[in-house]
**Student:** 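Below is one structure. I have some questions about it.
We're numbering straight along the sequence, starting at 1.
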Amino acid sequence: MWPCLLLVLALLGTVPASHPGCQAVPVPWQHCQEVPVGTGECWCQPVPVPQCYCQDVYRGQLASVHSAARNQELQKLARTYNIIISPWIGAVTSRRAGQWQSYWEDSSPWNYANWAPTHPFHIVTTCASLSVRDGLWRSRFCFQLRPFICQY
């Protein structure tokens, strides 16, 4: 399990969740300021690719959620910073071997889900956001700009 969480926020907006591959995307180094609410929690400038940012800067991943307690913990973390836009978590839904599947970017087992009614979408590949309001996950087009939560 990932011991630390990082809520990464954009001061000018947010960042898309999609990424073509970390090797191909230059990730600018940004300075992160520790927030005095707990170990491993920071506010940082955005980069174009949150998954690559989590990997390259923190050697982590976008957050995966494996229990209702973890889901509530992430929701509470986002609320702590008065986030109004639902942040990205590491869930992706795409068509694999002819079937729609949801999976975690960190390759951990898919053993918990908290989708809102009618989600996930089964039209195109989508990424998941965690609603700060109700804790439910919603499918979003991966290129939308949003804050994101890293775990490391």
**Student:** Which pairs, with at least one residue in residues 80-96 and sequence neighbours excluded, count as a salt bridge (Lys or Arg N to Asp or Glu O under 4.0 Å)?
**Tutor:**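 For residues 80-96: none.
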**Student:** Is there any salt bridge (Lys or Arg N to Asp or Glu O under 4.0 Å) pair reaching into residues 109-132, and which pairs are they, with sequence neighbours excluded?
**Tutor:**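 Qualifying pairs: none.
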**Student:** If you define the side chain from C-beta out and look only at heavy atoms, does anything of Pro147 sit under 4.5 Å from Ile85?
**Tutor:**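 Heavy-atom side-chain distance check passes, below 4.5 Å.
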**Student:** Is it the case that the side chain of Gln51 and the backbone of Leu62 share a donor-acceptor pair, with hydrogens and angles ignored and the cut-off at 3.5 Å?
**Tutor:**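 Yes, because the side chain of Gln51 sits within donor-acceptor range (under 3.5 Å) of the backbone of Leu62.
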**Student:** Do Gln75 and Arg70 get their side chains close enough for a donor-acceptor pair, meaning under 3.5 Å?
**Tutor:**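 The answer is no; no qualifying pair exists.
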**Student:** Taking side-chain hydrogen bond (donor to acceptor under 3.5 Å, both in side chains) as the definition, give me every residue that meets it alongside Ser129, ordered by chain and number, with sequence neighbours left out.
**Tutor:**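 In terms of side-chain hydrogen bond (donor to acceptor under 3.5 Å, both in side chains), with neighbours along the sequence ignored, Ser129 is linked to Arg140.
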**Student:** Look up atom CZ in Phe141 and atom CZ in Phe121, then write down how far apart they are to the nearest 0.5 Å.
**Tutor:**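 Nearest 0.5 Å value for the CZ-CZ distance: 7.0 Å.
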**Student:** Suppose we screen for salt bridge (charged side-chain N to carboxylate O under 4.0 Å, His left out). Which residues come up paired with Arg138, at least two apart in sequence or across chains?
**Tutor:**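 With sequence neighbours excluded, Arg138 shows a salt bridge (charged side-chain N to carboxylate O under 4.0 Å, His left out) to Asp134, given in chain and number order.
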**Student:** Examine distances only and state if a side-chain atom of Gln61 and a backbone atom of Gln151 form a donor-acceptor pair shorter than 3.5 Å.
**Tutor:**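 Not a single qualifying donor-acceptor pair exists.
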**Student:** Using 0.5 Å steps for rounding, measure from the NE2 atom of His119 to the OG1 atom of Thr93.
**Tutor:**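 That separation rounds to 10.5 Å.
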**Student:** Starting at CD1 of Ile89, measure out to CD1 of Ile149 and round the result to the nearest 0.5 Å.
**Tutor:**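 CD1 of Ile149 is found 7.5 Å from CD1 of Ile89.
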**Student:** Kindly write out the residues that satisfy side-chain hydrogen bond (donor to acceptor under 3.5 Å, both in side chains) with Asn71, not counting sequence neighbours, or none if the list is empty.
**Tutor:**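 With sequence neighbours excluded, Asn71 shows a side-chain hydrogen bond (donor to acceptor under 3.5 Å, both in side chains) to Trp137, given in chain and number order.
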**Student:** What closest approach, in Å, do Cys142 and Trp88 show between heavy atoms, and which atom pair accounts for it?
**Tutor:**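 Between these two residues, the closest heavy atoms are O-CZ2, 3.9 Å.
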**Student:** What's in the same ILVMFWY side-chain cluster as Val92, cut-off under 4.5 Å, chained through other members?
**Tutor:**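 Hydrophobic cluster check, Val92: joined to Tyr103.
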**Student:** What's the spacing between Trp115 CH2 and Leu136 CG if we round to 0.5 Å?
**Tutor:**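 Between atom CH2 of Trp115 and atom CG of Leu136 there are 11.0 Å.
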**Student:** With salt bridge (Lys or Arg N to Asp or Glu O under 4.0 Å) as the test, would you mind laying out the steps for Lys76 and Glu73 before giving the verdict?
**Tutor:** CA-CA 5 Å; Lys76 183 178 176 182; Glu73 177 186 5; over 6 Å; no
**Student:** Any side-chain donor-acceptor pair under 3.5 Å between Gln101 and Ser94?
**Tutor:**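 No, because no side-chain N or O of Gln101 sits under 3.5 Å from a partner of the opposite role on Ser94.
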**Student:** Calculate, to the nearest 0.5 Å, the distance between atoms CG and OG belonging to Asn114 and Ser131 respectively.
**Tutor:**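 That separation rounds to 9.5 Å.
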**Student:** I'd like to know whether the aromatic ring centres of His66 and Trp104 sit less than 6.0 Å apart in this structure.
**Tutor:**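 Yes: the rings meet the under 6.0 Å criterion.
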**Student:** Taking His122 for its side chain and Trp100 for its backbone only, find out whether a donor-acceptor pair lies under 3.5 Å.
**Tutor:**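 Here the side-chain-to-backbone pair does not exist.
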**Student:** Out of curiosity, Gln55 CD to Glu105 CD, how far, rounded to the nearest 0.5 Å?
**Tutor:**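 Result: 8.0 Å between the selected atoms.
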**Student:** So, does Arg146 use its side chain to make a donor-acceptor pair with the main chain of Ser86 at under 3.5 Å?
**Tutor:**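 Between the backbone of Ser86 and the side chain of Arg146 there is a qualifying donor-acceptor contact (under 3.5 Å).
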